[in-house]
Structure formats: C-alpha cells, structure tokens
Engineer: 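For reference, the structure I am asking about is given below.
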Amino acid sequence: MRTVVFDLDGTLADTSADLIAAANACFRGLGHGDLLDQTDALTAFHGGRAMLRLGFGRLGIVSEAAVDAQYPVLLAAYGAAIDRQTQIYPGAVEAVEALRRAGYATAVCTNKPEGLAETLLQRLGVRDLFGALVGAGTLPVRKPDPAPLLEAIRRAGGDARRALLVGDTATDRDTGRAAGVPVALVTFGPEGTGVARLAPDALLDRFADLGAVAARLIR
C-alpha cells in the first residue's frame, strides 16, 4: 500500500508557542524570567533540550546537567498545556483525508515523546486520520535513524518502497535518505523556503498540493 508519513511539529501543526511557553516555565521557575520568544520557533521544533540549551546559553550557562535537570520539568509544563496555542496548519486535515480517500495509508513519525504526541493528536481531533504513530520512546532510537520511519510505515500497513515522508527539517531529510524513502519538506514552517537548501525530493508550499506530490514521488 502507498503510504505517506508525516512529521508532527512544524509539519502538521505549529506547536512552537506551546513549546516555548513550556521552556519559559522552566526558566521562570529558576528565577530567570522568560528567555525565549516566538523568534525562537525554529529551535522549538528541534525539541525541548534544544530550547533549554538556547535559554541557558543566553545566561552564559553551558551545562548538560542543567538541561537534564530541567527537561522533565519542561515535559510536565508542556503536557499540562499542550494544545493551548497549537494550530493545525491550513489544509492539513483536508490533505490527509484526500490521501486516505485515494487509498493511501497515513502515519505520523515524530521525535516528540510518543505519549505527548498521542495526547496532542487526540486533543486536536485528528488522531483517527493516522493508522500509526511512532514517537520518541516507541523504539530505542529516534530520527534521523531510519528505524522509526520504517516502523511507522510497517504499522500503517505500508511498504517502504512505496512511501513518502513529509517533514520540515534536515532531520526529516536525513531520515528519508537513510531509509531510502523520498522526502517532501514544507515551506510554511519557521525556516520557510530556506529548506530548499536541503535539496529534498520536493518542496511543499501548501497542503493542497500534497496529492500531486505524493503521486509523483511514490512509484
């Protein structure tokens, strides 16, 4: 079965505001106030640890021990307000529904912890659109290791030889290459058309074009 696998943060949904708020909750708890803002959205899409490193760096603190100590605090703060400001990107739901009507299997492969990804998709009302979800913790490895992508395809009932990964970062590009799966990168994330420098198999300017992109890249 032809399969389209989606990254979550920065691809299906703009989660940056809630991620940044969770990181700032850590810094406020330490007495530093808010250290990140929406201009740091690209860092937010690289995960909680990346945000903590950025904030601590602005204080002149380079300490993985500090990052490790605050990471569980960040996850708790994020889980408590996971969908307060998050928005599904325009056209995403319609595009996934159209793929499913056309006979494609669909799945999510994310580096967000699996439990948080499950909760977010449920809260956003779109979990039923995806036949499989693989997140951080599902397997011992994460993207860009190809195993999570291949597992998402397998769980969705697909075949890696007839699959496409839709993402927004170099991590997604590298994951697809490692798995031998073509990659389309969205241009409406925080990096915009800058993702063209990553030379993906396709650029996706709007979800309305996804059906045509999938038909072209999945043989």
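Note that these values count all heavy atoms, side chains included, but never hydrogens, waters or copies made by symmetry. These figures come from a predicted structure and were not determined experimentally.
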Engineer: Does the side chain of D201 come within less than 4.5 Å of R173's, by heavy atoms?
Structural biologist: no
Engineer: I need the minimum non-hydrogen distance between L198 and A170, along with the two atoms involved.
Structural biologist: CD1-N, 3.5 Å
Engineer: With the threshold set at 4.0 Å, does a side-chain nitrogen-carboxylate oxygen contact exist between E64 and R49?
Structural biologist: no
Engineer: Are F188 and Y89 close enough, and set up right, to give a ring-ring contact (aromatic ring centres under 6.0 Å, His included), and what steps lead you there?
Structural biologist: CA-CA 9 Å; F188 41 78; Y89 283 116; 4.9 Å; yes
Engineer: Under the rule for side-chain hydrogen bond (donor to acceptor under 3.5 Å, both in side chains), what residues qualify as partners of E151, not counting sequence neighbours?
Structural biologist: R154, R155
Engineer: Could you check whether any side-chain heavy atom of F45 comes within less than 4.5 Å of a side-chain heavy atom of D168, counting everything from C-beta outward?
Structural biologist: yes
Engineer: Salt bridge between D7 and K143, side-chain N to carboxylate O under 4.0 Å?
Structural biologist: yes
Engineer: Given side chains that start at C-beta, do those of M51 and I20 come closer than 4.5 Å, heavy atoms only?
Structural biologist: yes
Engineer: Give a yes or no on whether the backbone of D37 and the side-chain of D40 come within a donor-acceptor separation of less than 3.5 Å.
Structural biologist: yes
Engineer: Do F6 and L129 have side chains that get closer than 4.5 Å, going by heavy atoms?
Structural biologist: no
Engineer: Quick one: do R197 and E191 make a salt bridge, cutoff under 4.0 Å?
Structural biologist: yes
Engineer: Are the side chains of L75 and P113 in contact, using a 4.5 Å heavy-atom criterion?
Structural biologist: yes
Engineer: Got a sec: does the CZ of R58 have more than 12 other heavy atoms crowding it under 6.0 Å?
Structural biologist: yes
Engineer: Can you name the closest pair of heavy atoms from A152 and V108 and give their distance?
Structural biologist: CB-O, 4.2 Å
Engineer: With the side chain counted from C-beta on, respond yes when V183 and L164 share a heavy-atom pair under 4.5 Å apart, and no when they do not.
Structural biologist: no
Engineer: Just wondering, are more than 12 heavy atoms of other shown residues or ligands nearer than 6.0 Å to CZ in R216?
Structural biologist: yes
Engineer: Inspect the contact between R177 and D174 and indicate whether a charged nitrogen and a carboxylate oxygen are less than 4.0 angstrom apart.
Structural biologist: no
